[in-house]
Amino acid sequence: MTPRELMATAIVPGGGEELRLYRRGADFMILLDRAELMSTRMSGSEEALAEMTCARLHDRPRPHLLIGGYGMGFTLRAALAALDDTARITVVELVPEIIAWARGPMASLMAGCLDDPRVRLVEGDVASVIAETASAYDAILLDVDNGPDGLTRTDNDRLYSTRGLAAAKRALTPDGILSIWSAAPDPVFSRRLASAGFRTDEVVVRARSNGKGPRHVIWFATPAGPGMPQ
């Protein structure tokens with residue numbers, strides 16, 4: 001077996017945890033302790049997050065998407081491929097080194113997506129960006145941490161709390177979509193989405209683009225209007 005090579009490390013702002021970038025042959029992976037957060041071998045569910053969200057936008061004109069977490073760029077590249085030239089995508093990444101890695105050792109994987117004229121990159125906390133915005137986004141796509149059950153940063157919990165969901169609802173257009181990726185089901189969070197006034201569609205997707213690998217979950221949540229079932 002090809003040995004795994006440590007390429008770089010980074011500290012998560014506000015959390016203190018260390019992320020480690022490894023390469024094994026042509027594959028890259030980012031780990032927290034022994035937990036693999038993302039890998040080039042498993043991109044299917046991150047791509048599905050974008051593809052299925054864009055399909056639900058029903059070709060609305062000039063859509064504006066907010067992507068929380070660049071990661072390895074799978075969600076961003078899939079969104080760019082699915083949207084036309086009128087779209088705008090704001091990408092918010094908390095860890096500066098993630099972007100440095102994308103432009104450095106993983107530049108071939110990036111495929112120029114961060115330099116696409118439709119993309120605006122913000123280095124910061126996506127929860128803060130959401131809280132400061134009203135009725136701006138046709139879709140908010142969150143692939144932060146391992147989902148609602150935070151792993152890398154306790155502050156991520158505020159994204160998925162009742163208050164965080166209320167902020168996301170305010171940041172969306174009236175018919176906007178909140179799409180949330182998770183490594184595993186979370187019935188408590190599903191109920192929280194409903195209590196926050198969202199109608200939800202919970203979809204199970206495979207981790208690999210070939211339809212294999214672990215099962216991940218994506219919630220597609222839309223604001224429920226007055227008198228509408230949640």
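Computed from heavy atoms alone, side chains included, the values below leave out hydrogens, waters and symmetry copies. Please read all numbers here as calculations on a predicted model, not as lab measurements.
In the displayed structure, R60 atom CZ is contacted under 6.0 Å by more than 12 heavy atoms of other residues, nucleotides or ligands. Sparse packing is recorded around CG of D59, with 12 or fewer heavy atoms of other residues, nucleotides or ligands lying under 6.0 Å away. Crowding of R62 atom CZ: a count of heavy atoms from other residues, nucleotides or ligands under 6.0 Å not exceeding 12.
The distance from atom CG of L159 to atom CD1 of I140, rounded to the nearest 0.5 Å, is 9.5 Å. Here I89 contributes atom CD1 and R120 contributes atom CZ; the two are 12.5 Å apart, rounded to the nearest 0.5 Å. Distance check: I218 CD1 to E202 CD gives 10.5 Å after rounding to the nearest 0.5 Å. If you take CD on E97 and CD on E123, they are separated by 9.0 Å, rounding to the nearest 0.5 Å. Remark: R170 CZ to T133 OG1 distance equals 10.5 Å, nearest 0.5 Å. If you take CG on D116 and CG on L80, they are separated by 4.5 Å, rounding to the nearest 0.5 Å.
A continuous path of Ile, Leu, Val, Met, Phe, Trp and Tyr side chains, each step under 4.5 Å between heavy atoms, connects M72 with L121, placing both in one hydrophobic cluster. No single ILVMFWY cluster, assembled from side-chain heavy atoms under 4.5 Å apart, contains both I98 and Y22. Linking Ile, Leu, Val, Met, Phe, Trp and Tyr residues whenever their side-chain heavy atoms come within less than 4.5 Å places L21 and I99 in a single cluster. V144 and L31 end up in different hydrophobic clusters when Ile, Leu, Val, Met, Phe, Trp and Tyr side chains are linked at under 4.5 Å. Hydrophobic clustering places M106 together with V95 (ILVMFWY residues linked when any side-chain heavy atoms are closer than 4.5 Å, directly or through intermediates).
Checked by atom type, the side-chain pair E47/S209 shows no donor-acceptor distance below 3.5 Å. Side-chain contact, W219 with S182: no donor N or O sits under 3.5 Å from an acceptor N or O.
Within the cation-pi definition used here (under 6.0 Å to the ring centroid, within 45° of the axis), R77 qualifies as a partner of F74.
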TODO: Quick one: do L94 and V126 satisfy side-chain contact (heavy atoms from CB on, under 4.5 Å)? Show the steps, please.
DONE: CA-CA 7 Å; L94 178 68; V126 69; over 6 Å; no

Open item on the list: Between D115 and R103, is the side-chain contact (heavy atoms from CB on, under 4.5 Å) condition met? List the steps.
Closed with: CA-CA 10 Å; D115 300 316; R103 296 190 182 279; 3.2 Å; yes

- [ ] Could you check S128 against R158 for side-chain contact (heavy atoms from CB on, under 4.5 Å), going step by step and ending with a plain yes or no?
- [x] CA-CA 10 Å; S128 298; R158 69 185 178 122; 3.1 Å; yes

Open item on the list: Before you tell me yes or no, could you show the steps for T162 and R192 under side-chain contact (heavy atoms from CB on, under 4.5 Å), namely the whole-Å CA-CA distance, both residues' side-chain angles and the distance that decides it to 0.1 Å?
Closed with: CA-CA 7 Å; T162 299; R192 191 181 306 145; 3.9 Å; yes

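Using a 4.5 Å heavy-atom threshold, the side chains of M110 and Y70 count as touching. Between L65 and C54 there is a side-chain heavy-atom pair separated by less than 4.5 Å. For the pair V205/M52, a side-chain contact is recorded, criterion being any heavy-atom separation below 4.5 Å from C-beta on. No side-chain heavy atom of P105 sits under 4.5 Å from any side-chain heavy atom of R23.
Residues A131 and A167 approach most closely at CA-CB, 4.4 Å, considering heavy atoms. Minimum interatomic distance between A79 and A50 (heavy atoms only, all atoms of both residues): N-CB, 3.5 Å. Residue T53 comes nearest to S179 through the heavy atom pair OG1-OG, 2.8 Å, listed as atom of the first residue, atom of the second, then distance. Here the closest heavy-atom approach between residue R41 and residue R208 is recorded as O-NH1, 3.1 Å. Taking each heavy atom of I130 and A171 in turn, the nearest pair found is O-CB, 3.8 Å. Contact between L165 and A196 at its shortest, heavy atoms only, is CB-CB, 3.9 Å.
Between I180 and the choices V217, D186, L142, the side chain to side chain contact (heavy atoms under 4.5 Å, CB included) rule is met once, by L142. When each of I177, T222, D138 is checked for a side chain to side chain contact (heavy atoms under 4.5 Å, CB included) with R56, only I177 meets the rule. Residue L141 is tested with T75, L76, L66 for a side chain to side chain contact (heavy atoms under 4.5 Å, CB included); the sole match is T75.
At distances below 3.5 Å, at least one donor-acceptor pair connects side-chain atoms of R24 with backbone N or O atoms of T2. Checking side-chain atoms of R206 against main-chain N and O of G44 turns up no donor-acceptor pair under 3.5 Å.
Between W101 and F28, the distance separating the two ring centers is not shorter than 6.0 angstrom.
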